[in-house]
J.: 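Can you read through this structure? Questions will come right after.
Both backbone and side-chain heavy atoms feed into the values below; hydrogens, waters and symmetry mates do not. Below, chain A is the first sequence line, B the second, and so on; all start at residue 1. What you see is a predicted model, and the numbers here were worked out from it, not measured in a lab.
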Amino acid sequence: MKSEPETRIVKGKDVSFGITDLQAMENSTSQWDGVRNYKARNYMRDEMKLGDKVLFYHSNCKVPGIAGIATVVREGYPDYTAFDPGHPYYDPKSNQDTPKWFMVDIKLEKKLDRVLPLSELKQYRELREMVLVKQGRLSVQPVRQSEYNFIMALL
DNA sequence: GCCAACGTTGGC
DNA sequence: GCCAACGTTGGC
C-alpha cells in the first residue's frame with residue numbers, strides 16, 4: 001500500500017500520510033481512505049483479509065521505498081469520506097446506499113530501520129515480476145508470497 | 001462501444 | 001518540473 005509522506009495536496013488540503021503518521025495514530029491503526037481507483041478498490045473490498053500482511057510504501061518523495069510492515073485489522077467497508085461534500089476525497093457519485101469506494105484498516109507492525117528503496121528492489125531478479133517494479137502506478141497492489149518472503153529476508 | 005482528448009501518477 | 005504510462009471522460 002502506497003502512502004505519500006511528503007506531498008499530497010487535495011483541494012487545497014494537505015492529506016500527506018507517512019509511516020510516522022501511522023505510528024502516531026491510536027493503536028498505530030488507521031483507515032485507508034481516499035483511494036479512488038477501481039483496481040485498488042477491488043483489492044481492498046474483495047481480496048484483503050484480516051491478518052494479511054501489508055508492505056507500507058512511501059511514494060512520491062525523496063527516497064521512494066518500503067518503510068514498514070503492517071497488518072489488515074478490518075476488512076473492506078465503505079469509505080465514508082466520499083460522502084462528505086466538505087472532505088477532500090468527496091465523490092458525489094458515491095452514497096450510503098450504493099457506496100462506490102471502499103477501504104480497510106491497517107495496523108503498523110514494524111517500522112523498518114531504513115527505507116528499502118525502490119531503486120534497490122529493482123535490482124533483484126527475484127522481484128522482476130513484482131507489480132511495484134513492473135507497473136508502478138497503482139496505490140494498492142498484490143504482492144506474491146515469494147516476493148514477500150524475499151523482501152523479509154533482506155531486512 | 002470506439003477512441004481522442006484530457007487528467008493523474010510517480011520516478012527521475 | 002518533465003514526461004511516460006496509465007486511467008477516465010464524453011462525443012459520436
J.: Kindly indicate whether the side chain of Arg74(A), heavy atoms from C-beta on, has any atom under 4.5 Å from the side chain of Gln31(A).
T.: no
J.: Between dG7(C) atom P and Arg41(A) atom CZ, what is the distance in whole Å?
T.: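 Going from Arg41(A) (CZ) to dG7(C) (P), I get 14 Å.
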J.: In whole Å, what is the span from the NZ atom of Lys134(A) to the C1' atom of dA4(C)?
T.: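 Lys134(A) atom NZ is separated from dA4(C) atom C1' by 17 Å.
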J.: Would you please confirm or rule out a distance under 4.0 Å between OP1 or OP2 of dT9(B) and any side-chain N or O of Tyr57(A)?
T.: no
J.: Would you mind reading off the distance between Gln135(A) atom CD and dG10(B) atom P, rounded to a whole angstrom?
T.: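 Those two atoms, CD and P, are 10 Å apart.
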J.: Taking the side chain as everything from C-beta on, heavy atoms only, tell me whether Asp105(A) gets closer than 4.5 Å to Tyr77(A).
T.: yes
J.: I need the CG-P distance between Asn37(A) and dG10(B), as an integer number of Å.
T.: 9 Å
J.: Between Arg41(A) and Asp79(A), does any side-chain N to carboxylate O distance fall below 4.0 Å?
T.: no
J.: Between atom OH in Tyr38(A) and atom P in dT8(B), what is the gap in whole Å?
T.: 15 Å
J.: Charged N to carboxylate O under 4.0 angstrom, Asp91(A) versus Arg36(A)?
T.: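 So Asp91(A) does not pair with Arg36(A) through a salt bridge.
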J.: For Arg137(A) and dC6(C), what is the distance between atoms CZ and C1' respectively, to the nearest whole Å?
T.: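 The answer, rounded to whole Å, is 4 Å.
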J.: From CD of Gln141(A) over to P of dA5(C), roughly how many Å is that when rounded to an integer?
T.: 18 Å
J.: CZ of Arg36(A) versus P of dC6(C): gap in Å, rounded?
T.: 23 Å
